Enquirer: 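The structure is given below, and queries will be raised subsequently.
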Protein chains: 2
Amino acid sequence: MAKRINKKYEAILEAAIQIFAKYGYHRAQVSKIAKEAGVADGTIYLYFENKEDLLISIFREKIGHFVQKAQRNLKSVSDAKQKLFHIIALHLRYLETNPALAVVVQMEVRQSDPQVRKEIGELMQAYLTLIEHVMEQGKLSGEFRENLDTRLARKMIFGTLDDLVTSWVLHQQKYSLQALSKPVYQMFVNGITSEKGGEA
Amino acid sequence: MAKRINKKYEAILEAAIQIFAKYGYHRAQVSKIAKEAGVADGTIYLYFENKEDLLISIFREKIGHFVQKAQRNLKSVSDAKQKLFHIIALHLRYLETNPALAVVVQMEVRQSDPQVRKEIGELMQAYLTLIEHVMEQGKLSGEFRENLDTRLARKMIFGTLDDLVTSWVLHQQKYSLQALSKPVYQMFVNGITSEKGGEA
DNA sequence: TTCGTTACTGAATGGTGATTCATTTTCTAT
DNA sequence: ATAGAAAATGAATCACCATTCAGTAACGAA
């Protein structure tokens, strides 16, 4: 219950990521997580309310960490296009570097029950807002179209990154994810058309 | 076991869609599905192997149906851009018209069990291929950039639609999904930039 | 009507695994 | 050292629910 931030807490959380990634949330027994973490089954309940709390905590810790990192990183960049490129690159790099986390994030969120999904959605919000802000900045600076629907653009960007990572996970991480940053960025910026004008 | 296509089979499948949508796969008891379908628990096992088979069957029947519909629809259109627009519109319309199916498709695809995932992935493949073919056609006809990575473009399109539908589902279907077809299409075609040139 | 076949029923079974808690170990302060 | 508190243990519990199957009903051919 008491969420003491200490070695054991960390160990259990890391073990949970590994085991959730390997077996999926529903097939991951708490006893397996305990074994992986090198603690007794009951110990987990000293640090987490229940199995669900374990999943939510992964998001709280890791997404929180990532968003902070991204915010810090973007401070050193001024124009919106560069910021967009950084977001794409960071997103892909972070998950490529943490494959087990990627599996959990991509695969396990959606099959949890509505309450858990809601909580995770709220944790995600900070990141989505970050992307939207960049879109807005780009509109104001004239880098992006002034009639751009920023929310739609954000969904497009997030949806694309999400699908890229899911594919990569399902293909057992056989290719470089980060390498896609540039082409993806270009596609957002320029669209798929050859010339200039796509009609309505 | 014997998959007789008849009234009861259909009733159980429809009930499963409703119950999976309402509770999520793991919280949906087989007995609830039976009740919703107006049959005894055991009857389900005369038509489906097990609970998993129920989920896979939903995909087999419904995705199969959708892809056929899309293929038929696209025959009447010649240029790639128009085809792309049709795919977007059909995708959004189909799921908006079948909200419970949308919930199941969006939320339960990423089943943790590898076997189920594999089977669903294969069923999805026909659709993904369809999108990629349109991209290729567009490249050949000169409508799309000749250096376009068609697989990447496909992932972008599918990822975006996927995220749009998921948002819509999580927001309890409060707004029109189909209405997004046009702006989404425009964004793919033209990108988000105001002018012409996004640099590298 | 009768008999055989096919379809259906739903209570009982059995495996599973999250969670609890009485007990033991480790830690801390005096 | 030692007592008392805090942390950790892990075997036992027990709720849960997919699946089975012995029994019943419906059907249809003769």
Side-chain angles (χ1 to χ4, degrees), chain A residues 1-59 104 108-109 111-117 119, chain B residues 1-59 104 108 111-117 119-120:
Chain A
M1 182 76 62
K3 304 211 173 138
R4 256 158 264 249
I5 305 303
N6 68 12
K7 275 286 154 53
K8 220 145 250 182
Y9 176 88
E10 299 295 339
I12 294 169
L13 206 70
E14 275 312 312
I17 293 172
Q18 299 304 321
I19 299 297
F20 284 158
K22 187 163 176 188
Y23 299 98
Y25 179 77
H26 290 282
R27 314 189 129 209
Q29 294 105 313
V30 172
S31 60
K32 264 191 203 134
I33 295 170
K35 198 174 169 195
E36 171 85 15
V39 301
D41 296 13
T43 304
I44 288 181
Y45 292 87
L46 300 175
Y47 292 90
F48 300 90
E49 313 231 359
N50 49 37
K51 193 180 171 187
E52 221 162 59
D53 185 38
L54 221 33
L55 184 62
I56 293 171
S57 297
I58 291 173
F59 279 80
V104 176
E108 306 307 328
V109 191
Q111 53 179 324
S112 42
D113 73 282
Q115 182 51 33
V116 177
R117 222 145 55 203
E119 293 190 44
Chain B
M1 183 76 62
K3 305 215 171 132
R4 257 157 264 250
I5 306 302
N6 67 11
K7 276 286 153 54
K8 221 145 249 183
Y9 176 87
E10 299 294 339
I12 293 169
L13 206 69
E14 275 310 313
I17 293 172
Q18 300 303 322
I19 298 297
F20 283 157
K22 188 163 176 188
Y23 300 97
Y25 179 77
H26 290 282
R27 313 194 129 207
Q29 293 103 314
V30 172
S31 59
K32 263 191 202 137
I33 296 170
K35 199 174 171 194
E36 170 86 15
V39 301
D41 296 12
T43 304
I44 288 181
Y45 292 87
L46 300 176
Y47 293 91
F48 300 89
E49 313 230 359
N50 49 35
K51 192 180 169 186
E52 222 162 60
D53 184 39
L54 220 34
L55 183 62
I56 293 171
S57 297
I58 290 173
F59 280 80
V104 177
E108 309 302 333
Q111 251 292 324
S112 58
D113 186 88
Q115 184 50 33
V116 177
R117 210 150 64 205
E119 297 201 49
I120 291 176

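Residue numbers begin at 1 in each chain, while the letters A, B, ... track the order of the sequences. Here the structure is a predicted model, which means the values were calculated and not measured.
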Enquirer: Counting only side-chain heavy atoms from C-beta out, which of dA8(D), dG10(D), dC8(C) sits nearest to Y47(A)?
Expert: dA8(D)
Enquirer: Are the side chains of L55(A) and V104(A) in touch, meaning some heavy atoms are under 4.5 Å apart?
Expert: yes
Enquirer: Can you check the F48(A) CZ to dA8(D) C1' distance for me, whole Å?
Expert: 15 Å
Enquirer: Where the side chain of K35(A) meets the backbone of V30(A), is there a donor-acceptor pair that is under 3.5 Å apart?
Expert: no
Enquirer: How long is the line joining CD1 of I44(A) and P of dT9(D), in whole Å?
Expert: 10 Å
Enquirer: Return the minimal non-hydrogen interatomic distance between L13(B) and S57(B), and the atom names on each side.
Expert: CD1-CB, 3.8 Å
Enquirer: Parallel, tilted or perpendicular: which fits the ring planes of F20(A) and Y25(A), with parallel below 30° and perpendicular above 60°?
Expert: tilted
Enquirer: Just to verify, what does E52(A) make a salt bridge (charged side-chain N to carboxylate O under 4.0 Å, His left out) with, not counting sequence neighbours?
Expert: none
Enquirer: Looking only at heavy atoms, which two atoms of I33(A) and A15(A) are closest? And how far apart?
Expert: O-CB, 3.6 Å
Enquirer: For N6(B) and dT6(C), what is the distance between atoms CG and C1' respectively, to the nearest whole Å?
Expert: 13 Å
Enquirer: Among residues 11-21 of chain A, which ones have heavy-atom contacts with DNA chain D below 4.0 Å?
Expert: none
Enquirer: When you get a sec, tell me which of dA8(D), dA7(C), dT9(D) is the closest nucleotide to the side chain of A40(A)?
Expert: dT9(D)
Enquirer: Separation of L54(A) atom CG from dG17(C) atom P, in whole Å?
Expert: 16 Å
Enquirer: In whole angstrom, what separates L46(A)'s CG from dT25(C)'s C1'?
Expert: 13 Å
Enquirer: Using 30° and 60° as the class boundaries, would you call the ring planes of Y9(A) and F48(A) parallel, tilted or perpendicular?
Expert: parallel
Enquirer: Taking A28(A)'s backbone N and O only, do any of them form a donor-acceptor pair with K51(A)'s side chain (distance below 3.5 Å, no angle check)?
Expert: yes
Enquirer: Does K8(B) put a side-chain nitrogen or oxygen below 4.0 Å from OP1 or OP2 of dC8(C)?
Expert: yes
Enquirer: Starting at the 5' end of nucleotides 16-23 of chain D, put B wherever the base has a protein heavy atom under 4.0 Å, S where only the sugar-phosphate does, and a dash everywhere else.
Expert: -SSBB---
Enquirer: Could you give the NZ-to-C1' distance, from K32(A) to dT19(C), as a whole number of Å?
Expert: 18 Å
Enquirer: With rounding to the nearest 0.5 Å, note down the distance linking CD in E49(B) to CG in L54(B).
Expert: 11.5 Å
